[in-house]
Student: 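My questions all concern the structure below.
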Number of protein chains: 2
Amino acid sequence: MVEGLDAARMTCWRAYIESSQRLLTALEDELREGSELSLADYHVLVLLSEAPRQRLRMGELAGRLVFSPSRLTYQISSMRRRGLVVRESCPQDRRGSEAVLTAAGLLALRRAAPQHLAAVRARFMDDLDEAEVAALTRVFTRLGDRLRDHTATTRPRGEHAASREPRDEHADSREPRGDRAAS
Amino acid sequence: MVEGLDAARMTCWRAYIESSQRLLTALEDELREGSELSLADYHVLVLLSEAPRQRLRMGELAGRLVFSPSRLTYQISSMRRRGLVVRESCPQDRRGSEAVLTAAGLLALRRAAPQHLAAVRARFMDDLDEAEVAALTRVFTRLGDRLRDHTATTRPRGEHAASREPRDEHADSREPRGDRAAS
DNA sequence: AACAGGTATTTCAGATTTGAATGATGCTAT
DNA sequence: ATAGCATCATTCAAATCTGAAATACCTGTT
């Protein structure tokens, strides 16, 4: 048997995997019972609300959400049925289509955000001291950067990974933006 | 709008969510292409291989995997079809049933483990220094402990969460066990 | 301008996941 | 013992997710 992880890393890995799963499950449950939204719905709404004209190309959205293209198509169809978004075809590129936030979608986000963010704090963030926040930020930012590259390079999950151009100006803004609707 | 997360925590939260998603996706893809196993299959096999007689009750398995009961039923059926496990009804409690690792299941795990663990290291663990490993372990162990309690107490996801008794002796062992097969 | 080769997205069938309902058994207090 | 409630697990239908194939359009070349 090839050498696996050392004991400390194995413990770390297992704690991370299991607790992350529990956390996501808990947040999903709490979000659903306090709103009509799933976590996926919520993430879509956040991204759209922060986007320039509250709209994003399907591919851009899929890339940021880490969704396969077909999953995103399904997700947006579902949200459209519920009036949270509408679709428009992209004028610059007629192959493309955009998801556009509706007033109802924005309202849904604004209503759901306080509870959801409170839940994120209650279940996770409030337990972290500043040093821990800094450590997690460093680790996961680095991880995300490496995996974004890797996905784009190696196995374009559904072809929606970030483009090869120098760098898309939206692609990794992690800072608040002013036009943010809820968060 | 109620106060959300402070800027540092929001950055942290988003980096964690996105990169965790990318990591899981990458590991799932790599595991599937190097074996016939999904990540869920792999986790089941690891737990069974470490269990006393290489068998676990459905509920115990669901609780540790953070699976709903019906999801676990489906998962185990699928693994049984492929010969990775068999099922036995539990002698002590005739309501219950056990999943038991087969020789083929153990073999599949032993074959898949080296590549999978190498991927875990390559994509994640090798980038962490000792202090980061320690910080993550502390944070996620604490998180897991709190969420295990919370789930058990508040909203027994499918009723398989740990019992309310003082503490189930299997429930949070995170240490290697000696009889471990692969990891 | 027609072609070749790429890209963006959807469609489709099949696999997985969910949650509510069901069946079967265990447990406790009569 | 047995009624009454709790627990373990499965089933079923509906919702979601995946990957391969199809569709429509772009772009650079000739």
Side-chain angles (χ1 to χ4, degrees), chain A residues 21 24-25 28-29 31-33 36-41 43-44 55-82 85 87-99 152 155-165 168, chain B residues 21 24-25 28-29 31-33 36-41 43-44 56-63 65-82 85 87-99 152 155-165 168:
Chain A
Q21 190 55 59
L24 269 304
T25 301
E28 172 97 41
D29 289 349
L31 180 58
R32 277 181 188 280
E33 77 186 26
E36 302 287 290
L37 303 175
S38 68
L39 227 32
D41 297 330
H43 287 324
V44 169
R55 69 188 58 221
L56 283 171
R57 290 285 296 269
M58 294 298 275
E60 181 66 21
L61 212 36
R64 295 206 213 173
L65 291 165
V66 200
F67 274 24
S68 69
S70 52
R71 181 180 180 183
L72 185 65
T73 295
Y74 179 88
Q75 173 70 40
I76 295 296
S77 308
S78 157
M79 293 178 74
R80 188 171 67 79
R81 276 198 299 277
R82 289 175 289 152
V85 301
R87 314 194 54 159
E88 291 183 19
S89 62
C90 183
Q92 289 77 36
D93 182 344
R94 277 184 309 178
R95 287 170 305 179
S97 99
E98 303 179 318
R155 193 193 218 285
R157 178 162 181 93
E159 224 57 48
H160 290 305
S163 59
R164 277 69 166 169
E165 295 141 33
D168 183 305
Chain B
Q21 190 55 59
L24 269 304
T25 301
E28 172 97 39
D29 289 349
L31 180 58
R32 277 181 187 280
E33 78 185 26
E36 302 286 291
L37 302 175
S38 69
L39 226 33
D41 296 330
H43 287 324
V44 170
L56 283 170
R57 290 286 296 268
M58 295 299 275
E60 181 66 21
L61 211 37
L65 290 165
V66 198
F67 274 23
S68 68
S70 53
R71 181 179 181 185
L72 185 65
T73 296
Y74 180 89
Q75 173 70 40
I76 294 296
S77 308
S78 158
M79 294 179 73
R80 188 170 67 79
R81 277 198 298 279
R82 289 176 289 153
V85 301
R87 314 195 55 161
E88 290 183 20
S89 61
C90 183
Q92 289 77 35
D93 181 345
R94 277 183 308 178
R95 288 170 305 180
S97 100
E98 303 179 318
R155 194 193 217 284
R157 179 162 180 92
E159 223 58 48
H160 290 305
S163 59
R164 276 72 167 169
E165 294 141 33
D168 183 305

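Below, chains carry the letters A, B, ... as their sequence lines are ordered, and counting in each starts from 1.
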Student: When the distance from CD1 of B:I76 to C1' of D:dC8 is rounded to whole Å, what number comes out?
Tutor: 15 Å

Student: Mind checking what makes side-chain contact (heavy atoms from CB on, under 4.5 Å) contact with A:R95, not counting sequence neighbours?
Tutor: A:D93

Student: Let me confirm one number: the CG-CD distance from A:L65 to A:Q75, rounded to the nearest 0.5 Å.
Tutor: 8.0 Å

Student: Without swapping roles, check the side chain of B:R94 against the backbone of B:C90 for a donor-acceptor pair under 3.5 Å.
Tutor: no

Student: Mind calculating the distance between CG (B:L61) and C1' (D:dA9) to the nearest angstrom?
Tutor: 13 Å

Student: Who are the salt bridge (Lys or Arg N to Asp or Glu O under 4.0 Å) partners of A:E28, not counting sequence neighbours?
Tutor: A:R32

Student: Can you tell me how far CG of A:L61 sits from CG of A:L72, rounded to the nearest 0.5 angstrom?
Tutor: 5.0 Å

Student: Establish, yes or no, whether the cationic atom of A:R71 lies under 6.0 Å from the six-membered ring centre of A:Y74 and within 45° of the ring axis.
Tutor: no

Student: So does B:E98 pair up with B:R57, basic N to acidic O under 4.0 Å?
Tutor: no

Student: For nucleotides 12-16 of chain C, list the nitrogen or oxygen atoms of the protein found under 3.5 Å from its nitrogen or oxygen atoms, one pair per line.
Tutor:
{"residue": "C:dT16", "atom": "OP2", "partner": "B:Y74", "partner atom": "OH", "Å": "2.6"}

Student: Specify the separation, in whole Å, of atom CZ of A:R80 and atom C1' of C:dT10.
Tutor: 13 Å

Student: For C:dT9, does either OP1 or OP2 sit under 4.0 Å from a side-chain N or O belonging to A:T73?
Tutor: no

Student: Once you round it to whole Å, what is the distance between P of C:dT17 and CG of B:L65?
Tutor: 11 Å

Student: Cut-off 3.5 Å, side chains only: do B:R81 and B:S77 have a donor facing an acceptor?
Tutor: no

Student: List, with names and distances, any nitrogen or oxygen atoms from the protein found under 3.5 Å away from nitrogen or oxygen atoms belonging to nucleotides 2-4 of chain C.
Tutor:
none

Student: Identify, with sequence neighbours excluded, every residue that meets side-chain contact (heavy atoms from CB on, under 4.5 Å) alongside B:S70.
Tutor: B:S68

Student: Could you state the atom-to-atom distance from CG of A:D29 to P of C:dA20 in whole Å?
Tutor: 11 Å

Student: Within this structure, what is the CG-to-C1' distance between A:L24 and C:dT17, rounded to whole angstrom?
Tutor: 15 Å

Student: Rounded to the nearest 0.5 Å, how far apart are CZ of A:R87 and CZ of A:R80?
Tutor: 7.0 Å

Student: Can you list, in residue-number order, the parts of residues 87-98 of chain A that come under 4.0 Å of DNA chain D, counting heavy atoms only?
Tutor: A:D93, A:R94, A:R95

Student: Inspect the contact between B:R82 and B:E36 and indicate whether a charged nitrogen and a carboxylate oxygen are less than 4.0 angstrom apart.
Tutor: no

Student: Return the value, rounded to whole Å, for the distance between atom CG of A:L39 and atom P of D:dC17.
Tutor: 11 Å

Student: Can you check the A:M58 CE to C:dT7 P distance for me, whole Å?
Tutor: 19 Å

